[in-house]
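Counting begins at 1 with the first residue of the sequence. First listed ligand is number 1; within each ligand, the first listed atom is number 1.
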Amino acid sequence: MEMEKLVSLCKRRGFLFQSSEIYGGINGFWDYGPLGVELKRNIKAAWWKDMVTAHDELEAANGAPSTHEMTGLDCTIIMHPQVWKCSGHFDLFCDLMVDCKETNKRYRFDQVRGRWAAAKGKRIFVTTVAEIDEEEAELTRRAMKAFKLRAKDADQLTWDGEAVSLDTLDDTSEVLAPDAKEVGTLTDPREFNLMFKTIVGAMGTEEDASFLRPETAQGIFVNFKNVVDSTRVKIPFGIAQIGKSFRNEITPRNFTFRSREFEQMEIEFFCHPDTSADWYKYWRDRRFAWYQELGLAGQRLQLRDHEPDELSHYSTGTADIEYAFPFLPAGEYGELEGIAHRGDFDLRSHMEGKLDPNSCPLEVERNEKGKPKYKGSGRDLTYRDPVSNEKFTPHVIEPSAGADRATLAFLCEAYTEDEQPDEKGEMQSRVVMKFHPRIAPIKAAVFPLVKKDGMPEIAKDIYRALKKEFPAFYDEGGAVGRRYRRQDEVGTPYCITVDGETLTNQTVTIRDRDTLEQWRVKIDDVVEEISGRVS
Ligand code: ATP
């Protein structure tokens with residue numbers, strides 16, 4: 001599937017719009033349209049239901065090591081600035097960036113890629129942030145210009161070696177920046193903190209500076225004790241949260257994949273250190289299965305365990321659930337969710353102060369005078385087991401998912417083009433969004449075959465009855481085949497048609513979006529029939 005087709009469908013049918021589009025848009029921000037909001041809400045609702053509300057705490061289901069409890073939270077986006085100092089985000093949540101002095105553009109260091117070009121006894125590294133294989137002609141054109149070569153001298157230019165990332169070079173002096181005409185306009189790489197800064201209160205001084213949260217997880221850690229003290233929840237248990245997070249990404253791109261404002265669905269699962277390895281395996285497999293159950297069933301989804309050298313000292317395991325998005329080069333995958341064994345790193349940081357993630361065993365980071373660099377809360381965030389009376393700092397397993405990336409993956413997976421016979425038996429191409437019925441934005445559409453003989457009235461009654469249960473759509477305009485195709489394109493799993501036979505025997509046809517199978521059901525049974533299929 002070509003990504004442009006999906007992007008265009010998303011705009012045309014109201015799944016996604018560029019934010020502030022009438023003012024030219026703002027890079028890295030997206031609005032969900034009337035259908036997009038339903039799709040994303042369904043994904044978040046499915047996650048919350050499957051992970052929290054429908055969770056059975058009396059049984060160890062889905063291969064869990066033991067029974068466990070699940071509960072939720074909804075924390076603020078702006079938190080005490082000390083949260084981000086102790087979590088490490090204030091010092092460490094950075095990307096390296098380079099600036100172009102000619103165009104004033106800024107790039108993520110690792111995303112600038114290029115190849116060495118040679119001519120006239122000189123070598124320059126010609127770069128781009130686009131897909132390098134597709135840019136070959138453009139790279140040659142820019143290299144020729146930089147060497148001041150005419151078209152007829154094209155054979156003087158030679159390319160040397162494979163495409164590599166700019167961060168593999170020793171310095172940036174012989175580099176032709178992605179949008180520049182002159183060589184050597186890129187600055188050396190510098191660190192750029194990804195947190196959005198804001199001022200809290202009317203005084204507006206730097207001391208009042210706070211940050212928009214770059215992840216929802218910290219709200220859960222700092223409320224760990226509140227949850228334990230206010231409920232009868234016992235370890236092992238998980239706290240879930242869905243909410244907005246903000247990252248000032250240097251180069252937002254690939255549609256909603258890398259946005260500056262996005263939503264996360266995170267669980268912090270607290271357990272005893274002796275069982276944390278088992279819980280890690282449980283969450284890794286459970287979360288992978290969740291995407292498969294909702295329709296990401298094919299080869300495009302993969303579970304990738306991090307290599308030991310990718311892990312932080314405090315983590316004994318991290319795995320990513322990844323999807324082969326169509327905008328990525330063949331064979332590359334993009335992260336949908338990370339599942340990390342975080343040990344006691346987070347709770348200890350909020351007790352003792354910022355821990356050095358590179359020291360083993362973990363130690364509080366200290367300044368030149370040997371004092372803790374950032375003081376922790378000083379609160380006791382340990383846990384006392386009510387049965388054994390053992391006191392310990394719980395270990396944490398963190399399945400951290402992005403609601404927007406999941407939505408994008410479900411959109412990509414659903415997009416299908418096929419050919420189906422129309423009423424006259426002629427083959428017609430159609431675009432069909434094959435969403436799992438649970439996440440489809442509209443569950444059923446109701447059509448009167450013709451606008452007479454009382455058919456619209458019956459169809460409207462069915463529509464109203466369905467509407468009480470879930471989003472439904474009524475359409476009486478145009479040939480019924482066209483109406484079917486309009487619903488296929490937005491992924492409505494069932495279309496209900498009131499026809500001549502309805503008037504005699506009180507039945508309607510139901511058509512399945514994927515199999516095109518049609519069957520008749522009594523009007524009184526329609527709501528139950530559709531409800532059973534979409535829940
Ligand atoms: P990446 O390496 O792609 O930047 P990450 O490893 O920094 O992602 P995490 O910090 O683990 O991501 O965040 C957890 C989840 O939040 C990711 O798996 C992703 O689904 C989502 N997420 C993170 N950054 C963004 C973003 N800029 N836009 C949309 N979703 C995001």
Side-chain angles (χ1 to χ4, degrees), residues 16 18-19 26-32 36 40 43-44 47 51 77 84 87-89 92-97 108-111 165 167 192-196 211-221 240-269 283-284 287-288 290-291 294 296 301-307 310-312 315 317-325 327-328 332-342 345-346 357 396-412:
L16 278 158
Q18 203 185 2
S19 167
I26 168 163
N27 203 4
F29 296 88
W30 296 91
D31 294 335
Y32 285 80
K40 188 171 161 192
I43 292 166
K44 290 187 287 179
W47 184 89
M51 298 299 122
I77 286 169
W84 308 111
S87 70
H89 287 84
L92 301 171
F93 195 55
C94 301
D95 275 342
L96 285 177
M97 49 139 203
R108 226 172 89 174
F109 192 37
D110 61 334
Q111 285 176 352
S165 171
D167 60 10
F192 175 77
N193 193 297
L194 299 184
M195 285 198 294
F196 279 100
F211 303 92
L212 306 191
R213 66 179 175 200
E215 61 172 35
T216 58
Q218 299 304 322
I220 300 180
F221 295 129
Q241 175 166 217
I242 298 180
K244 288 266 175 141
S245 292
F246 300 80
R247 296 182 187 179
N248 200 359
E249 299 278 0
I250 298 169
T251 39
R253 59 179 179 172
N254 291 333
F255 210 12
T256 57
F257 181 83
R258 189 169 300 287
S259 308
R260 287 176 165 146
E261 173 173 345
F262 55 95
E263 242 171 318
Q264 290 185 309
M265 309 187 288
E266 294 196 295
I267 296 170
E268 305 304 326
F269 190 82
W283 278 110
R284 170 185 166 278
R287 291 300 307 146
F288 186 59
W290 186 80
Y291 291 96
L294 278 179
L296 299 190
L301 189 75
Q302 74 169 18
L303 182 67
R304 186 181 70 84
D305 290 310
H306 283 207
E307 298 296 330
E310 282 181 87
L311 298 175
S312 12
S315 178
T318 300
D320 286 344
I321 298 172
E322 303 178 326
Y323 185 74
F325 285 98
F327 47 76
L328 297 173
E332 279 191 25
Y333 289 75
E335 177 184 325
L336 291 182
E337 169 161 353
I339 299 103
H341 184 308
R342 299 185 56 88
F345 181 82
D346 306 279
V396 167
I397 312 300
E398 178 188 76
S400 168
D404 307 85
R405 285 196 190 169
T407 305
L408 186 58
F410 285 118
L411 278 164
C412 293

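Of all protein heavy atoms, the one closest to atom 4 (O) of ligand 1 is R258 NH1, 2.8 Å. Given atom 14 (C) of ligand 1, the protein heavy atom at minimum distance is S400 OG, 3.0 Å. Counting only heavy atoms of the protein, atom 22 (N) of ligand 1 lies nearest to F262 CE1, 3.5 Å. At the top of the distance list for atom 16 (O) of ligand 1, counting protein heavy atoms only, stands Q264 NE2, 3.2 Å. The shortest contact between atom 6 (O) of ligand 1 and any protein heavy atom is with E335 OE1, 3.2 Å. For atom 28 (N) of ligand 1, the closest heavy atom belonging to the protein is S259 N, 3.0 Å. Among protein heavy atoms, the minimum distance from atom 19 (C) of ligand 1 is reached at R405 NH1, 3.6 Å. Regarding atom 21 (C) of ligand 1, its nearest protein heavy-atom neighbour is G402 CA, 3.8 Å.
If you number the atoms of ligand 1 from 1 as listed, the ones under 4.0 Å from a heavy atom of E249 come out as 26 (C), 27 (N). Atoms of ligand 1 lying under 4.0 Å from any heavy atom of R247, numbered from 1 in the order shown and given with element: 5 (P), 7 (O), 9 (P), 10 (O), 12 (O), 13 (O), 23 (C), 24 (N).
Screening D404, T407, T256 for a side-chain hydrogen bond (donor to acceptor under 3.5 Å, both in side chains) with Y32, the sole residue that qualifies is D404.
Using a 4.5 Å cut-off on side-chain heavy atoms (C-beta onward), W30 and L408 make no contact. Within the 4.5 Å cutoff, the side chain of T216 has no heavy atoms near those of the E263 side chain.
Residue contact annotation: L336 has a non-hydrogen atom under 4.0 Å from ligand 1. E215 does not count as a contact of ligand 1, since none of its heavy atoms falls under 4.0 Å from the ligand.
When only interatomic distances are considered, the shortest N/O to N/O separation between F257 and ligand 1 falls below 3.5 Å.
Among residues two or more places apart in sequence or in another chain, the side-chain hydrogen bond (donor to acceptor under 3.5 Å, both in side chains) test is passed with E337 by R287, Y291. With sequence neighbours left out, W290 forms a side-chain hydrogen bond (donor to acceptor under 3.5 Å, both in side chains) with D50.
Using a distance-only test at 3.5 Å, with no hydrogens or angles considered, no donor-acceptor pair links the side chain of R260 to the main chain of F29. Within the 3.5 Å criterion, the main-chain N or O of H89 finds a donor-acceptor partner in the side chain of N193.
Proximity of the aromatic rings of F327 and F255 is defined here by a centroid distance below 6.0 angstrom, and this criterion is not met.
Using a 3.5 Å distance cut-off with no hydrogens or angles, the side chains of E266 and Q241 do not pair a donor with an acceptor.
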